[in-house]
Amino acid sequence: MTAQEARLCGLLLREHFGEVVEKIGTHLLRSGAQNLRTIVNESGTPIDLVKKSLCVLMKHGACRFSIGRKGPGSPVEYQASCERILGILRYPRYIYTAKTLYSDTGELIIEELLQRGHMTMSSIVKMVADRLTHNMEEGRSIEYNEVVSTFSKLVETHFLQRCPPVSEVVPPVSTAPTVPGAPAAPVSTGPPTPESFSDCYLVPSVSLAGRGKRRRSGEDVVLDQGTTKKAKTDLQTHGDEGIYWQVNFERFHLHFRDQTIISAVASKLDQTSSEIVRTMLRMSEVTTTPSASCTQALSANEVFRSLPANYSISRPILDQYLTLLVDDPMEFVGKTGDSGGGMYVVNLHKALTNLARATLESVVQEKFGSRSARIFRLLLRKRHLEQKQVEDFAMIPAKEAKDMLYTLMSENLVLLQELPKTPDHAPSRTFYLYTVNQLATARMLLQHCYKAVANLIDRRLFQTKESKRLLEKSQRIEAIMASLQASGAEPEQLTEVEEMISAPEKQQLESLRHHINKLDSAENQVDETIFLLKSYVASTARITR
Amino acid sequence: MADAKVKKECDPADAAVIENRIKELCIQFPQGITDQVIQNDMPHLEPTQRAMVINKLLSVGQLDLLRNSSGLLYRMKDAQSASKMKGSDNQEKLVYQIIEDAGNKGIWTRDMRFKSNLPLTEVNKILKNLESKKLIKAVKSVAASKKKVYMLYNVQPDRSVTGGAWYSDQDFESEFVEVLNQQCFKFLQSKAEVARDSKQSPMIQRNSSFATSHEVWKYICELGISKVDLSMEDIETILNTLIYDGKVEMTIIAAKEGTVGSVDGQMKLFRGVNPIIQPTGLVKTPCGLCPVFDECHEGGEISPSRCIYMTEWLNF
């Protein structure tokens, strides 16, 4: 938890939940686990506000409670999770992924869940169905069934998971909701809920009850689609009270990681190789633990069978592609054996390392120029080099090379290692070697990314604040227009209202909108870098543990 | 001239005869003669006489004094160089000898002082003298531009001093290197494209996109953009810089001895490659490239709200 992360968390909390939650959240982040009384005293907010903020944070999984450190009987302690709060930055990416995989229905389900943290399935389905119907034309509506089917598909592929049940006695609650839920709760085919929420909303034909879904615990994947149907005649409660669902962020992260690897293979080699890698990753989705450094071994026969139908390549060609993938210096794919036509794995850790290295190189290239990038890559490859050797290998004149090296050193991208020849460390008798430490540089850049995102958010808020007056005015005018239109006014009245905004103001509004969009999209772009670097750091930490 | 007339008395005529005899012996044994040899030849010669004669020959400059493991060696000095040194005194000869010994690497003035034990002023005077006589020359070293090394006039300076093909007049030729860089890259890239478009099996595609360092060398020579002759090692250093640019990758394969371009049974193959990621998200924002990133914080002189880089970028 660094200062930059704390600042970013504060900004995100303020934007999404308001200032009170921001205050409590940042206080918790800074001071670690505390009990309720301490929080109230130290933050100076009234206790009911503190309670409400804690509830909000817990609903979104950003805060958890546990037994106090002094043992059972001591007050409960609350702890905020920095990672989870930073995950707010990635919401647009989650929603977009859901949209690409499961179209609008999936997108809306994920969006609703992200906004509300925990929800029961019935409420989600109802809300999503309403929203979809609202956007459709008159006279059409969406069936609960479709939403339910998309929901179950999401659950099947583990993008959604149940929230862990909270027991009365307070044992230390694990952060990972790996507690298996109750076995298949019945799906009821009771009478349909006759409520209609808006004019063009038809009665759904099937009501929902808690669809039995046990989230996989650890390795075994047990998907139970609740085939047992017991009739439950409960009108308002659909039988799934107390079964809350939340978004499974880990699964989304695995998906993002796979996407990055596939696109890297596609740009380095060609489309067919990337398809092969995609197939391999898809096959190992359920068999590989998230923290593995390489996937389970797959035989070439299996890969051949699982290739998508439109990529019909012959078996020898597939073997050639696999050999090429193995021989590639990037080492995306490795060969672990010869049975079954050759056993191949995707080297996840190596792929992440290479991608992180490419990110570092691209930052150096954009910031300092391609010759400095040459020196940087040279040092990454050769580890330790003297000044003279750097000049010779990189073929850069001595003066310029010196200059570039010193600039890189002042930015802490390049380090100096001293090797004394004599015990007295005399400078004239010491080797000075330049080196690059990839992990430390990645961490440093990660902090820079956090700061950059915080800056972008700051700027966005500042620009909104500057033009607050203008924005309010335009909102009022829009409201007036809408009400006039609804009550059927004449065109002259509408144009009169429109002219209340002058042309330069319109332009200002337009440019403001453009700026805000640009800042928003920049935040998402930096978030991609954050994701890559963080995965690399986490993967390396796992390997070296 | 078979018999040497040895007289018991030493007189000037004798000295000349002894000198000639010694010179003949030197010619007979070009690699040098020791005291022992002279003694064997002229057993009646007394050591003092011998020493006198030899000293005279040395001072005249017709004999070279060397030392080897068994003792002193006298060698006939080259007639030409002997004539050169006429008129120079001992110190100059000493300095000249030291420079000659340094071969093609040359010797620095400070090292010269250590070896000859002469004071600095003397050394400088002698060096200037020799330079005006066109016997030695000064060559500027590329490593330290103020340092001058001295070597014999007709000796080619070693590569480490002049820097080889990339230096002309002690200046690193960056544009030349850049041009070569781009040419090599274009060659490899076009070869890779041809291979990709041929739509054959992937293995053949990849293998045909490789180029050996020999092929690249031939291509560059034929292009004729270089006034200097470039060797294959030079081209390999250029290709290595392309690897460090991330544009090219290299493999080594075993090759039969005797195939063109193979060095010690190996051949280096180079291939143009694409980058694996696009420029990363951080550098698409002004913060990623900001020179004052570390001094920026909210409420300060440099802050996100007042950032001029952001303003420019937003209005773009």
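So you know, we letter chains A, B, ... as the sequences are listed, proteins then strands, and number each from 1.
- For a residue to count as touching a neighbouring chain, one of its non-hydrogen atoms must lie under 4.5 Å from one of that chain's; by this rule A:R7 touches chain B with the side chain only.
- Annotation: the span from B:T241 atom OG1 to A:F393 atom CZ amounts to 12.0 Å, rounded to 0.5 Å.
- Residue contact with chain B, scored on non-hydrogen atoms closer than 4.5 Å, involves the backbone of A:I396 exclusively.
- Contacts of B:T311 with chain A are made by both backbone and side-chain atoms, with heavy-atom separations under 4.5 Å.
- Both the backbone and the side chain of B:N315 come within contact range of chain A, judged by heavy atoms closer than 4.5 Å.
- With chain B as partner, the option from A:K451, A:E411, A:Q463 having the largest number of non-hydrogen pairs under 4.5 angstrom is A:K451.
- Only the side chain of A:T323 comes within contact range of chain B, judged by heavy atoms closer than 4.5 Å.
- With respect to chain B, the highest number of heavy-atom pairs below 4.5 Å among A:N455, A:I530, A:V526 belongs to A:N455.
- A distance of 8.5 Å separates NZ of B:K247 from CZ of A:R377, quoted to the nearest 0.5 Å.
- Within the 4.5 angstrom heavy-atom criterion, only backbone atoms of A:S370 (N, CA, C, O) approach chain B.
- In terms of heavy-atom pairs under 4.5 Å with chain A, the best-connected choice from B:L314, B:N274, B:I243 is B:L314.
- Looking at A:E466, there are no atoms closer than 4.5 Å to chain B (heavy atoms on both sides), in backbone or side chain.
- Heavy-atom distances place the side chain of A:R381, and not its backbone, under 4.5 Å from chain B.
- Taking A:R459, A:Q525, A:K367 one by one and counting their heavy-atom pairs under 4.5 Å with chain B, the maximum is reached by A:R459.
- A salt bridge between A:K268 and B:E249 is present, with a side-chain N of the basic residue lying under 4.0 Å from a carboxylate O of the acidic one.
- Here the straight-line distance linking atom CD1 of B:I277 with atom OG1 of A:T359 works out to 4.0 Å at 0.5 Å rounding.
- Heavy atoms of A:K465 lying under 4.5 Å from chain B are absent altogether.
- If you tally non-hydrogen atom pairs under 4.5 Å between each of A:P329, A:A454, A:S511 and chain B, the highest count goes to A:P329.
- Proximity to chain A is limited to the side chain of B:T285, based on heavy atoms less than 4.5 angstrom apart.
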Query raised in the report: Where do B:R206 and A:L269 land on the side chain to side chain contact (heavy atoms under 4.5 Å, CB included) test, with the steps shown first?
Result: CA-CA 10 Å; B:R206 188 187 83 131; A:L269 298 168; over 6 Å; no

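- Using a 4.5 Å cut-off between heavy atoms, A:D328 contacts chain B through its side chain alone, with no backbone atom that close.
- Here the shortest heavy-atom pairing between B:V283 and A:S362 reads CG1-O, 4.3 Å.
- What you find for B:W313 and A:A522 is that their closest heavy atoms are CH2-CB, 3.6 Å.
- If you measure heavy-atom distances from A:L324 to chain B, the contacts under 4.5 Å come from the side chain alone.
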Query - salt bridge (Lys or Arg N to Asp or Glu O under 4.0 Å) evaluation trace for A:E528 with B:K284 - result: CA-CA 11 Å; A:E528 285 177 22; B:K284 294 186 187 158; 5.9 Å; no

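- Counting non-hydrogen atoms of other residues, nucleotides and ligands closer than 6.0 Å to CZ of A:R383 gives a total of 12 or fewer.
- Between B:S174 atom OG and A:E400 atom CD the span is 5.5 Å, to the nearest 0.5 Å.
- In this structure, the separation between OH on B:Y244 and NZ on A:K382 is 3.5 Å, given to the nearest 0.5 Å.
- Within the 4.5 angstrom heavy-atom criterion, atoms from both the backbone and the side chain of B:D245 approach chain A.
- When heavy atoms are compared at a cutoff of 4.5 Å, B:C307 approaches chain A by way of both its backbone and its side chain.
- Atom CG of A:L11 is separated from atom CD of B:E298 by 8.5 Å, given to the nearest 0.5 angstrom.
- The side-chain heavy atoms of A:F462 and B:R306, taken from C-beta on, include no pair separated by under 4.5 Å.
- Within a 6.0 Å sphere centred on NZ of B:K218, other residues, nucleotides and ligands contribute 12 heavy atoms or fewer.
- Of the two parts of B:P275, only the backbone, made up of N, CA, C and O, holds a non-hydrogen atom closer than 4.5 Å to a non-hydrogen atom of chain A.
- The contact between A:A394 and chain B is made entirely by backbone atoms, counting heavy-atom distances below 4.5 Å.
- Within 6.0 Å of atom CD in B:Q278, 12 or fewer heavy atoms from other residues, nucleotides or ligands are found, so the atom counts as exposed in its surroundings.
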**Report entry** Audit row: B:T280, A:T529, side chain to side chain donor-acceptor pair (under 3.5 Å) steps and yes/no
**Finding:** CA-CA 6 Å; B:T280 185; A:T529 315; 2.9 Å; yes

